[in-house]
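Structure first, commentary second.
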Amino acid sequence: MGSGPNGLAAAIVLAQAGLRVEVLEAEPTPGGAVRTMELTLPGFLHDFGSAVYPLGAGSPFFSSIPLPDHGLDWIHSPAPLAHPLEDGTAVVLERNLEDARLSLGQDGNAWSLLVQPFVENWREFAPEILRPLSGMPKHPLLMARFGMHALLSAKTIARRFHSGRTRALFAGLAAHSFLSLDEPLSGAFGVIFGISAHAVGWPIPRGGAQSLTTALCRYLATLDGKVTTSSRVESLAALSGNDAILCDLTPRQLLAIGEQRFSEGYRRRLKEFRYGCGVFKVDYALSEPIPWKASECLRAATVHVGGNFEEVAASEKAVRNGQHADRPFVLLAQPSLFDPSRAPAGKHTAWAYCHVPNGSNVNMLDRLENQIERFAPGFRECVMARRVFSPAELESMDANLVGGDIGGGVVDLRQFLFRPTWQHYGTSAKDVYICSSSTPPGGGVHGMCGYHAAMRALKALDIR
Ligand SMILES: Cc1cc2nc3c(=O)[nH]c(=O)nc-3n(C[C@H](O)[C@H](O)[C@H](O)COP(=O)(O)OP(=O)(O)OC[C@H]3O[C@@H](n4cnc5c(N)ncnc54)[C@H](O)[C@@H]3O)c2cc1C
């Protein structure tokens with residue numbers, strides 16, 4: 001149920017094992033938060049949800065299946081990430097670690113020390129971080145080393161850097177956690193996103209997010225799996241008679257369609273699950289590339305807009321405290337610079353969002369654009385059309401985006417360990433599994449929640 005990347009990954013694992021699989025998708029097109037649409041003007045292709053894929057390119061499961069044979073082509077911008085600063089310059093994270101070490105100047109060695117062991121061992125590292133934290137790691141030394149950073153806050157890790165430029169860069173990386181930057185685990189997000197930039201890059205799919213979904217669907221079709229769209233499941237009872245039901249849903253939705261199937265204890269635990277903050281998103285059709293003061297920003301598909309460490313931290317803390325930041329941290333992607341298929345010749349697209357409290361209905365448009373204007377004066381004059389998504393509008397196009405939460409639930413310490421419950425993928429009904437980003441390893445497009453859930457189902461069916 002649900003054709004997001006986790007639903008499709010689960011379906012593929014089951015089909016690979018020889019099971020007959022059908023994916024029921026509520027929306028008219030498959031993909032969930034991995035879809036591309038003409039959201040502004042004809043010929044401008046926008047990613048409705050996710051846009052940049054470090055964990056997609058670095059996913060052990062996606063790497064194990066022949067997605068390039070089914071049309072997936074990753075495009076790497078010359079640098080994965082740029083972060084403009086108040087003085088009109090930008091700090092750029094180079095893909096090559098040695099180049100990054102040199103460009104980060106006095107902090108280059110500290111950066112290398114932080115990420116190098118994991119960059120060099122990504123193949124061993126990725127499966128360890130993209131699974132539930134249970135049992136012995138297969139690579140105990142590597143993971144012991146990572147464990148030294150894992151619980152630290154971004155604020156603590158940033159103290160290793162002398163330059164405000166590197167601290168700003170790290171703040172942007174850590175803000176992907178949706179946590180306040182003084183909370184435990186926020187530092188681990190920053191480190192993982194930094195590692196992935198060097199190990200696998202932060203690529204975009206040629207043609208947009210939909211190309212990844214299409215490749216997954218096509219591969220599933222070769223295994224005789226089927227995706228049926230415009231088919232919202234209203235009740236688990238409608239699916240009785242199947243050996244296993246894998247739900248690419250978050251806990252609230254699972255309860256809504258199947259409360260009576262679950263034990264009282266399991267229902268209680270699902271009800272206790274907490275969602276994270278939401279996002280306020282804008283897609284732009286542009287007449288020209290964004291006029292960044294720092295032209296280096298044009299080298300990167302992703303730009304973190306928010307100023308120095310303290311500003312980014314204040315923005316994220318405000319949101320965690322249920323407030324709206326005056327100067328929000330904005331994550332921005334400019335895919336058409338590197339993929340001309342996204343817009344008519346000479347024109348461009350941009351994708352930007354900021355964090356807001358869950359379910360917020362505050363219009364953040366001015367604040368979000370003021371932030372871009374700070375670092376790219378004249379940006380508004382380039383806008384030919386824009387499409388604004390409040391958290392509720394996002395949720396109306398993908399029911400998993402509860403209150404605008406794009407990560408399937410907050411990832412604080414408790415929900416990192418018990419996601420969504422201690423049973424992870426299993427539920428109290430023995431034929432029902434949950435496989436969305438509300439299970440380990442959580443949000444992001446990697447398909448690993450679906451992979452692990454399906455492996456668990458196969459084990460229960462005695463197939464693996
Ligand atoms: C604006 C935005 C920006 C993001 N940026 C990035 C990024 O750049 N990089 C990244 O890695 N991640 C990003 N993410 C996060 C990423 O997209 C999600 O973590 C990921 O898509 C989760 O996958 P999923 O399969 O668990 O759920 P989803 O992708 O949300 O898919 C769930 C599917 O289930 C369907 N469904 C729900 N209820 C039912 C029902 N009752 N019956 C049938 N079908 C149902 C939905 O329609 C949907 O298709 C972003 C997300 C958003 C929204």
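Read the numbers this way: they start at 1 and go in the same order the structure lists the ligands and their atoms. Computed from a predicted structure; not experimentally measured. Basis for what follows: all heavy atoms, side chains included, without hydrogens, waters or symmetry-related copies.
Summarising the contacts of atom 35 (C) of ligand 1 with Met1, Glu25, Glu234, Arg232, the nearest heavy atom is found in Glu25. Distances from atom 6 (C) of ligand 1 to the heavy atoms of Gly407, Pro5, Ser50, Pro54 show the closest one on Ser50. Among Gly7, Ala33, Ala10, the residue whose heavy atom lies nearest to atom 21 (O) of ligand 1 is Ala33. The residue among Val402, Ile257, Asp248, Thr250 with a heavy atom at the shortest distance from atom 24 (P) of ligand 1 is Asp248.
The protein non-hydrogen atom at the shortest distance from atom 11 (O) of ligand 1 is Val445 N, 2.9 Å. Protein heavy atom in closest approach to atom 34 (O) of ligand 1: Gly2 CA, 3.2 Å. When hydrogens are left out, the protein atom nearest atom 9 (N) of ligand 1 is Val52 O, 2.7 Å; that is the closest non-hydrogen contact. Ile406 O, 3.6 Å is the protein heavy atom nearest to atom 15 (C) of ligand 1. Among all protein heavy atoms, the one lying closest to atom 19 (O) of ligand 1 is Gly444 N, 2.8 Å. Protein heavy atom in closest approach to atom 31 (O) of ligand 1: Gly4 CA, 3.2 Å. Looking at atom 44 (N) of ligand 1, its nearest protein heavy atom turns out to be Ala26 N, 3.1 Å. With respect to atom 41 (N) of ligand 1, the closest heavy atom belonging to the protein is Val233 O, 3.0 Å.
Which parts of ligand 1 touch Lys281 is read off a 4.0 Å heavy-atom cut-off, strictly below it: atoms 1 (C). Counting atoms of ligand 1 from 1 in the listed order, those under 4.0 Å from a heavy atom of Gln253 are 37 (C), 38 (N). Here is the list of ligand 1 atoms found below 4.0 Å of a heavy atom in Leu401: 53 (C). Near Asn400, with a cut-off below 4.0 Å to any heavy atom, the atoms of ligand 1 are 27 (O), 30 (O), 32 (C), 34 (O), 37 (C). Close approach to Leu249 involves these atoms of ligand 1, each under 4.0 Å from a residue heavy atom: 37 (C), 38 (N), 39 (C). Near Ser436, meaning under 4.0 Å from one of its heavy atoms, ligand 1 places the atoms 26 (O). Using a 4.0 Å cut-off to heavy atoms of Ala51, the atoms of ligand 1 that qualify are 7 (C), 8 (O). Numbered from 1 in the order shown, with element, the atoms of ligand 1 that lie under 4.0 Å from a heavy atom of Asp398 read 28 (P), 29 (O), 30 (O), 31 (O), 32 (C), 46 (C), 48 (C).
Remark: Met384 CE to His348 NE2 distance equals 11.0 Å, nearest 0.5 Å. Separation of atoms CG (Leu255) and CD (Gln260) is listed at 10.0 Å; rounding is to 0.5 Å.
Side-chain contact between Phe44 and Leu39 is absent, with no heavy-atom pair separated by less than 4.5 Å.
Ligand 1 lies out of reach of Leu55, whose nearest heavy atom is not under 4.0 Å from it. Not a single heavy atom of Leu394 lies less than 4.0 angstrom from ligand 1.
Taking a cutoff of 4.0 Å between a charged side-chain nitrogen and a carboxylate oxygen, Glu183 and Lys317 do not qualify as a salt bridge. Salt-bridge formation is detected for the pair Arg386/Glu369: a Lys NZ or Arg NE/NH1/NH2 atom is positioned less than 4.0 Å from an Asp or Glu carboxylate oxygen. A salt bridge links Asp412 with Arg274: at least one charged nitrogen is closer than 4.0 Å to a carboxylate oxygen. Residues Asp398 and Arg35 are not paired through a salt bridge, judged by the lack of any N-O separation under 4.0 Å between the basic side chain and the carboxylate. Taking 4.0 Å as the cut-off between side-chain N and carboxylate O, Arg299 and Glu94 count as a salt-bridged pair. By the 4.0 Å N-to-carboxylate-O rule, Lys281 lies too far from Glu393 to be salt-bridged with it. Salt bridge absent: Arg387 and Glu38 never bring a charged side-chain N and a carboxylate O closer than 4.0 Å.
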Where do Thr250 and Asn400 land on the side chain to side chain donor-acceptor pair (under 3.5 Å) test, with the steps shown first? CA-CA 6 Å; Thr250 74; Asn400 285 32; 5.7 Å; no
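Here's the thing with Val279: none of its N/O atoms is less than 3.5 angstrom from an N/O atom of ligand 1.
The local environment of CZ in Arg123 is sparse, with at most 12 non-hydrogen atoms from other residues, nucleotides or ligands closer than 6.0 Å. Counting heavy-atom neighbours within 6.0 Å of Leu133 CG, excluding the residue itself, gives a total of 12 or less.
Only the side chain of Trp351 comes within contact range of ligand 1, with a heavy atom under 4.0 Å; no backbone atom does.
Each of Tyr353, Phe189, Phe193 was compared with His176 under the ring-ring contact (aromatic ring centres under 6.0 Å, His included) criterion, and only Phe193 meets it.
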